[in-house]
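Treat the numbers as computed from the prediction; the structure is a model and nothing was measured.
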Amino acid sequence: MLVEDSATVRFLLRMILEDDGRFEVVNESVTAEKALAALPEARPDVISLDIRLPGMDGLEATRQIMTSHPTPIVVVSACFNEEDSQVSMQALRAGALAVSAKPVGPGRPDHEKLARQFCNQLAIMSQVPVVRQWRRATSAELPRPTLPPWNGHPEVLGLVASTGGPNALCEVLRAIGVVDVPVLVVQHITDSFSEPFARWLAQVTRLEVEVARDGTRPAAGRIYLAPTGSHMELIGGVLRLSDGPMECGQKPSGNVLLRSLAAPNAVGVVLTGMGADGAEGLLEMARAGAYTLVESEETAVVSGMPLAAWERGAAREKLALPELGRRLSVLLGN
């Protein structure tokens with residue numbers, strides 16, 4: 001389903017999807033209200049949703065879709081200015097799975113690249129099973145974990161997330177609050193969205209967040225995001241960014257970050273996401289004596305990444321998001 005008020009852009013998106021060959025456009029709606037009315041009959045596998053619409057905007061549309069007809073949603077934005085970025089991030093919290101740059105027309109320099117990214121994003125998200133947001137398990141319904149002994153003293157926390165990650169990261173960071181260690185984060189996210197994501201995360205968590213820069217010595221209590229297109233490692237107490245090959249199809253890769261944190265006084269976490277990024281890195285951390293955790297299937301939007309780590313024996317504990325946040329708070333001394 002294409003939800004887009006511009007006839008020109010709808011034509012462009014339909015042309016891109018039809019040329020790709022993997023898609024059938026079952027509905028085109030110019031407003032969110034019309035899209036909601038058409039959902040029961042159209043039953044799309046995935047929705048391309050413009051963030052700026054007349055009447056109901058993309059954020060409220062996401063909320064209503066996820067409570068009435070849960071469907072994978074990719075939020076599409078023509079630009080990443082501050083206002084659009086904030087609305088896009090709130091849509092991710094409301095249940096949208098990803099944010100994608102709106103493709104430009106044929107003849108423009110980035111047309112083929114953006115068109116390919118747009119199609120691949122929709123194809124991947126169409127395979128994600130989603131549930132009504134209000135049916136998520138709550139912490140009161142989940143069993144209390146059995147906590148294994150650990151004698152380490154945490155000096156750094158590494159977090160890795162992909163699909164569904166912005167909301168998961170927000171919940172975890174809010175739960176742990178201000179801590180006396182640096183927090184290093186890899187979140188797979190759309191190109192050029194690192195800075196807006198950092199600003200949004202700082203706003204919703206009220207913690208200090210910045211996109212990492214090469215050569216920075218990370219400070220306690222501050223959150224550092226790996227920039228899109230660069231791997232991030234902690235080497236000799238200093239953040240290092242590199243332009244190495246992708247790992248698990250990702251750059252930044254969670255494996256690269258977590259591997260650099262493999263030491264007894266580190267804590268590593270793999271949250272929701274598709275694929276297996278972070279699993280091997282978390283396993284190296286576990287073997288080095290670090291404390292390792294993964295998000296359980298009960299709350300993960302996509303359980304691929306945490307489950308891959310769990311099946312490798314890389315995690316001491318597998319916890320639902322509320323319990324995971326509280327457990328990290330205890331581990332980090334809050």
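- For the pair C170/L173, no side-chain contact is recorded, criterion being any heavy-atom separation below 4.5 Å from C-beta on.
- Contact between A212 and M232 at its shortest, heavy atoms only, is CB-SD, 3.4 Å.
- When all heavy atoms of P322 and T299 are compared, the pair lying nearest together is CD-CG2, 4.2 Å.
- Residues V156 and V172 do not share a hydrophobic cluster, clusters being chains of Ile/Leu/Val/Met/Phe/Trp/Tyr side chains in contact below 4.5 Å.
- Grouping the Ile, Leu, Val, Met, Phe, Trp and Tyr side chains by contacts below 4.5 angstrom, directly or via other members, places L282 apart from V267.
- Using a 4.5 Å heavy-atom threshold, the side chains of V256 and S242 count as separate.
- Clustering ILVMFWY residues whenever any of their side-chain heavy atoms sit less than 4.5 angstrom apart, transitively, puts L293 in the very cluster that holds V181.
- With hydrogens and angles ignored, the 3.5 Å screen pairs no side-chain donor or acceptor of S329 with any backbone N or O of G325.
- Remark: E18 CD to F23 CZ distance equals 11.5 Å, nearest 0.5 Å.
- Closest non-hydrogen pair, P154 versus L332, comes out as CB-CD2, 3.8 Å.
- Side-chain atoms of N27 and S29 include a donor-acceptor pair closer than 3.5 Å.
- Side-chain contact check for P227 versus R213: every heavy-atom pair is 4.5 Å or farther apart.
- In this structure, CD in E60 is found 9.5 Å from CD in E33, a value given to the nearest 0.5 Å.
- For the pair S260 (side chain) and L234 (backbone), a donor-acceptor distance under 3.5 Å is present.
- Inter-residue side-chain proximity for S162 and M305 is flagged as met; some heavy-atom pair is nearer than 4.5 Å.
- What you find for M66 and I73 is that their closest heavy atoms are SD-CD1, 4.2 Å.
- By the side chain to side chain contact (heavy atoms under 4.5 Å, CB included) test, V25 is found to be paired with L2, R14, L17, E28, residues two or more places apart in sequence or in another chain being considered.
- Proximity of R174 to L207: side-chain heavy atoms (C-beta onward) are nowhere separated by under 4.5 Å.
- The two atoms that bring H69 and P40 nearest to each other are NE2-CG, 3.5 Å, heavy atoms only.
- Tracing side-chain contacts under 4.5 Å through hydrophobic residues (I, L, V, M, F, W, Y), one never reaches V211 starting from V160; they form parts of separate clusters.
- Looking at N265, its side chain never comes within 3.5 Å of a backbone N or O of E155 through a donor-acceptor pair.
- A search for side chain to side chain contact (heavy atoms under 4.5 Å, CB included) contacts involving E208 returns R222, not counting sequence neighbours.
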Item to check | CA sep, side-chain torsions, deciding dist, call: R10, D5, salt bridge (charged side-chain N to carboxylate O under 4.0 Å, His left out) | outcome: CA-CA 8 Å; R10 282 201 314 278; D5 61 312; over 6 Å; no
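- The local environment of CZ in R22 is crowded, with over 12 non-hydrogen atoms from other residues, nucleotides or ligands closer than 6.0 Å.
- With a 4.5 Å cut-off on side-chain heavy atoms, V99 and I189 do not count as touching.
- Between L157 and P182 there is no side-chain heavy-atom pair separated by less than 4.5 Å.
- Of the charged side-chain nitrogens involved, at least one lies within less than 4.0 Å of a carboxylate oxygen, so that E323 and R326 count as a salt-bridged pair.
- Between the CG atom of L239 and the CD atom of E233 there is a distance of 10.5 Å, given to the nearest 0.5 Å.
- The hydrophobic clustering, which links ILVMFWY residues whose side-chain heavy atoms are closer than 4.5 Å, places V185 and V270 apart.
- Here the OG-CG distance, from S296 to L319, works out to 7.0 Å after rounding to the nearest 0.5 Å.
- In this structure a side-chain-to-backbone donor-acceptor pair under 3.5 Å is present from H231 to P245.
- Residue-environment remark: CZ (R312) exceeds the threshold of 12 foreign heavy atoms within 6.0 Å.
- Among the candidates R52, Q121, K102, the single residue satisfying the side-chain contact (heavy atoms from CB on, under 4.5 Å) test with V76 is K102.
- Salt bridge status for K318 with E295: absent, with no side-chain N to carboxylate O gap under 4.0 Å.
- Shown here for I47 and L122, the closest heavy-atom pair between the two residues is O-CD2, 4.4 Å.
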